[in-house]
*Asks:* 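Shown below is the structure under consideration.
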Amino acid sequence: MNSIRIRQTFLNFFESRQHFIDKSAPMVVKNDPTLMFTNAGMNQFKDIFLDNLPAKNLRVANSQKCLRVSGKHNDLDEVGHDTYHHTMFEMLGNWSFGDYFKKEAIQWAWELLTEVYGIDKESLYVTVFGGDKLDNLEPDEEAREFWKQYVPEERILYGSKKDNFWEMGETGPCGPCSEIHVDIRDAEEKLKTPGRDLVNMDHPLVIEIWNLVFIQFNRLSDQSLHPLKAKHVDTGMGFERLCMVLQGKQSNYDTDVFQPYIKRLCELTGKTYGKDTDTDIAMRVISDHVRAVAFAIADGELPSNNKAGYVIRRILRRAVRYGYTFLNFREPFVFELVPVMVSGMGDYFPELPAQKDLIMRVINEEEATFLKTLSTGIQKFESYITTLGDKKTVDGKFAFELFDTYGFPVDLTQLMAREKGKDVDMKGFEEGMKVQKERSRAAATVDTQDWIELSKGSSDTVFLGYETLVAEVKPLKYRKVTSKGKTMYQLVLDKTPFYAESGGQIGDRGILEAEGIKLHILDTQKENNLSIHVLDKVPEKWPAVLTAKVDEQKRRLTENNHSATHLLHSALRKVLGDHVQQKGSLVDEKRLRFDFSHFAKLTREEIRKIEELVNQRIRDNIQQKEHREMSMEEAVEMGAIALFGEKYGDKVRVISFDQEYSTELCGGTHVHATGQIGLFRIVSEGAIAAGIRRIEAITGKLAEEYINEKADTLDHARELLKNPKDVIKGIEQLLQENDKLRKQIQQLQKAQAGNMIEDLKQGIRNVNGMNFLAMKLEADTQTAKDLAFEMKKQVSDLFLVLGHHAEGKPGITIMISENLVQKKQLHAGNIIRELAREIQGGGGGQPHFATAGGKNPDGLDKALARAEGYLK
RNA sequence: GGGGAAUUAGCUCAGUUGGCUAGAGCGUUUGGCUGGCAGCCAAGAGGUCAUCGGUUCGAGCCCGAUAUUCUCCA
């Protein structure tokens, strides 16, 4: 069975059991401070488990793209070395939200695996939770009883809390789980060691393929467990592993999911897979990593230097590094695997074919940058090695510096050191790493306390802010959050006029008022789907009802910019073409920022055209049309464009300004008619990554001020030039003239210096075979320097001491011909230190030339007189 | 969010305890030589040493702030 059919079979099976087949949520998570990437199929249903939102469907199944790069399940450093761990993988899952529970979950799992997929029953083992004293939990006999209907008892094992009690995080929903393991060793091996002894022992061929989680508790921050009202089922089956089992392979990488990448890599390198351990590992690493990186980019997460973008960068770099070291790649190559991926997964994940070019460009450029980083690192390393001499050990501190500052992987440092017959002090390296980690951790600790409930009600806060900015609201719950000594409070209301930051539009500010109480809302944010109002303090006693008032001015200015963003988006598509896709957006009261895919710098004409188009629409004063509860199908029919990497519900909101011109899916707030925006002006355009450009623009009064300022500058310039017809030409003439004059001055100065040189020459006396001159003149240091160098050219055996002063500041310059320096063991720097005392200053220089400055011009004569003393 | 670093000619980079008239290679312009392929020789142009402030007689170099970029950790 090929992988495409395996996936489809899973979905069909649950669809026929009344499950709603959901799409995969984006792999990159937004609006959740605890999570950067979807790391399990359940992530997108978190709010349902937390009871923040009601479930729309009680039964759901899907295949979810996931990314795991750290934590107990996975460590990036391990991927590729074994044959069954991945960064990016698909998780097949079925869910019950307060609907069916253990009985059906177990029955169906068994049925699907054995009857539909036809896995040999004899090779399956199941585990159930064996209880835990600390948490005062009994073994999960309930699950065991159900399993006994299908599986002989000797293949049902009790598991520890570590393996068989699932928790979402430090706090939150949790419960016992039941895993299905499969033993795919050959018959001979099975005879030698029974499979049951190898379950959960990290054996590569006795592996967990499906985890059925029975969520029935909520854990509070004091570690206590409380039963949930509604019990849920959450299951996850690793797609790649399932393919391995069904295709009779012993490595995930031997399935049709990964083989095409490996084949392509063999083509690119001329190497063969399966002959050399290092080559094999490298090929596995690269095949795995390209999938993670490509999906992230498709979801709009570009490689960058922090947060999620940094994780992506690291994954890609790891792939490049393995290719560099073990496959001898010196040019970008990972991007070449993207077409392989598109043809393998493009049908189920349409974001891949739609953005193939962009994904390839971004990866290619990122690879090129890293290869450059590697080459500067190698340079640093080489020059360090030459300072080592006979020492056998590369300093751990240096290895860490190379890694920390220049991004040079430490294992590469080790490799290169070995080639030079040296080793790396890894202890020192680890030490540096430890210090760095501790520092970061200390800076990032956040203490989040439990919610304190004020009154009952759904946390699915009703948003009133489309219609009103003032409302009577009920506080539902709040909690204290401390980070870096700063304490903030997060508050949830039953309904609110405050817009919570999302879709690029920043959160509202404002106040909450009641009898004798005035609270400042500093920001409004979204955590998953929860609207959180951020306060700096809370009252001792909460009133049942408060008046919420949004800061109107800030909101209106923000709306200007948000609506302008929509107009800009369509203008870009009109002027540049339909390949323009939104890749990011930020809207606040001051400006708007819009990132989009496009492959060339915008010309001045294009920018003007875009501005004109937007301003035209503003003058048309188009009424805003809002469709609040539209189905996705209707919205698409209207011409609305859905963004990749965004998660939409089944009902969407559509905002249009002239349906033909601008129609977008959007939850943000907007002007009623475009005329309100007043004026639109692009202030900057540039690249932020390969194939992605960023425009920043301003609107309304700020745009007006911006233009006025420019006009004023021009007027001013015009006035300064005495109002010429053509200002540019006037300036050009001025510059030309300036250039000409400067050259003339240079020539004059040269001539003058020539004269002065003649004068100076007149004063030369021959003392002890030296052409000695000590003279005072009115000149600055620079002129004196010039004279000194000129004299050196013209006069041999020179010993020149110039005392000079300009604007009250005295200085001394000494020039001695090289041959005198040699012959008489003179040192201008040392001499000048002595002489400078006379003018209350200091100085120094090389043996043949030195300068000094000072404070007392009256001392110059004395200094010059003393100079003669050095003529021995 | 917290550390480390970088910013010098169009490009890639040197620049040693503060004492340079700030250099190199590539590129570029001009001239000469040369039958070729990134040819050779010579001369020249090209710098606000990121920005602002400070220390100092003197700052590309030391200190502080800002900006941008790189990098590691979370």
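Proteins come first, then strands; the chains are lettered A, B, ... in the order of their sequence lines, and each starts at number 1. In this text, all values refer to a predicted model and were calculated from it rather than measured experimentally.
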*Asks:* Can you name the residues that form a ring-ring contact (aromatic ring centres under 6.0 Å, His included) with A:F403, not counting sequence neighbours?
*Replies:*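 For A:F403 the ring-ring contact (aromatic ring centres under 6.0 Å, His included) partners, ignoring immediate neighbours, are A:F429.
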*Asks:* Not counting sequence neighbours, which residues clear side-chain contact (heavy atoms from CB on, under 4.5 Å) with A:L864? List them please.
*Replies:*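 Listed in chain order: A:A774, A:K776, A:V801.
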*Asks:* Could you work out, with side-chain contact (heavy atoms from CB on, under 4.5 Å) as the rule, every residue matching A:E685, not counting sequence neighbours?
*Replies:* A:K601, A:L602, A:I607, A:R693, A:I695
*Asks:* Please enumerate all residues that pass salt bridge (Lys or Arg N to Asp or Glu O under 4.0 Å) together with A:D411, with sequence neighbours excluded.
*Replies:*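 A:D411 satisfies salt bridge (Lys or Arg N to Asp or Glu O under 4.0 Å) with A:R321 once adjacent residues are dropped.
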*Asks:* With A:N819, which residues qualify under side-chain contact (heavy atoms from CB on, under 4.5 Å), at least two apart?
*Replies:* A:D797, A:S817
*Asks:* Under 4.0 Å, heavy atoms only, any strand: does A:F400 hit a base, just the sugar-phosphate, or nothing?
*Replies:*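 Answer is nothing: A:F400 stays at 4.0 Å or more from every strand.
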*Asks:* Let me have RNA chain B in dot-bracket notation, would you? Count Watson-Crick plus G-U wobble pairs, both distances under 3.5 Å, and use [ ] for pairs crossing earlier ones and | for inter-strand partners.
*Replies:* (((((((..((((.....[...)))).((((((.....)))))).....(((((..]....)))))))))))).
*Asks:* For RNA chain B, determine which residues of residues 311-319 of chain A have any heavy atom closer than 4.0 angstrom to one of its atoms, and list them numerically.
*Replies:* A:R313, A:R314, A:R317
*Asks:* For the backbone of A:Y322 and the side chain of A:T325, can you confirm whether one donor and one acceptor N or O come within less than 3.5 Å of each other?
*Replies:* no
*Asks:* Would you mind reading off the distance between A:M36 atom CE and B:G1 atom P, rounded to a whole angstrom?
*Replies:* 14 Å
*Asks:* Sequence neighbours left out, what passes ring-ring contact (aromatic ring centres under 6.0 Å, His included) with A:Y384? Give chain and number order.
*Replies:* A:F398
*Asks:* Going by atom types only, do A:R479 and A:Q449 share a side-chain donor-acceptor pair under 3.5 Å?
*Replies:*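 There is no such pair (donor and acceptor under 3.5 Å, judged by atom type) between the side chains of A:R479 and A:Q449.
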*Asks:* For nucleotides 11-14 of chain B, tabulate all protein N/O to nucleotide N/O atom pairs closer than 3.5 Å, reporting atom names and distance.
*Replies:*
none

*Asks:* May I have the distance from A:I812 (atom CD1) to B:G19 (atom C1'), rounded to whole angstrom?
*Replies:*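 So the CD1-C1' distance, A:I812 to B:G19, works out to 14 Å.
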*Asks:* Which atom pairs link the protein and nucleotides 54-64 of chain B when you take only N or O atoms and keep those under 3.5 Å?
*Replies:*
unit_1, atom_1, unit_2, atom_2, d
B:C57, O2, A:G842, O, 3.0
B:C57, O2, A:G853, N, 2.8
B:C57, N3, A:G842, O, 2.6

*Asks:* Between A:R330 (side chain) and A:Y324 (backbone), is there a donor-acceptor pair under 3.5 Å?
*Replies:*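 Yes, A:R330 side chain to A:Y324 backbone: donor-acceptor pair under 3.5 Å.
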*Asks:* For A:K434 and B:A74, give me the distance from atom NZ to atom C1', rounded to whole Å.
*Replies:*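 Going from NZ in A:K434 over to C1' in B:A74 covers 17 Å.
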*Asks:* Please list each protein N or O that sits under 3.5 Å from an N or O in nucleotides 3-8 of chain B, with the distance.
*Replies:*
unit_1, atom_1, unit_2, atom_2, d
B:G3, O2', A:R439, NH1, 3.4
B:G3, O2', A:R439, NH2, 2.7
B:G3, N2, A:D404, O, 3.4
B:G3, N2, A:D404, OD1, 2.7
B:G3, N2, A:D404, OD2, 2.7
B:G4, O2', A:T405, OG1, 2.8
B:G4, N2, A:T405, O, 3.1

*Asks:* With ring pair (Phe, Tyr, Trp, His ring centres under 6.0 Å) as the rule and sequence neighbours excluded, what pairs involving residues 781-833 of chain A come up?
*Replies:*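 As it turns out, the ring pair (Phe, Tyr, Trp, His ring centres under 6.0 Å) pairs with a partner in residues 781-833 of chain A, which skip direct neighbours, are A:F772-A:F799, A:F789-A:F849.
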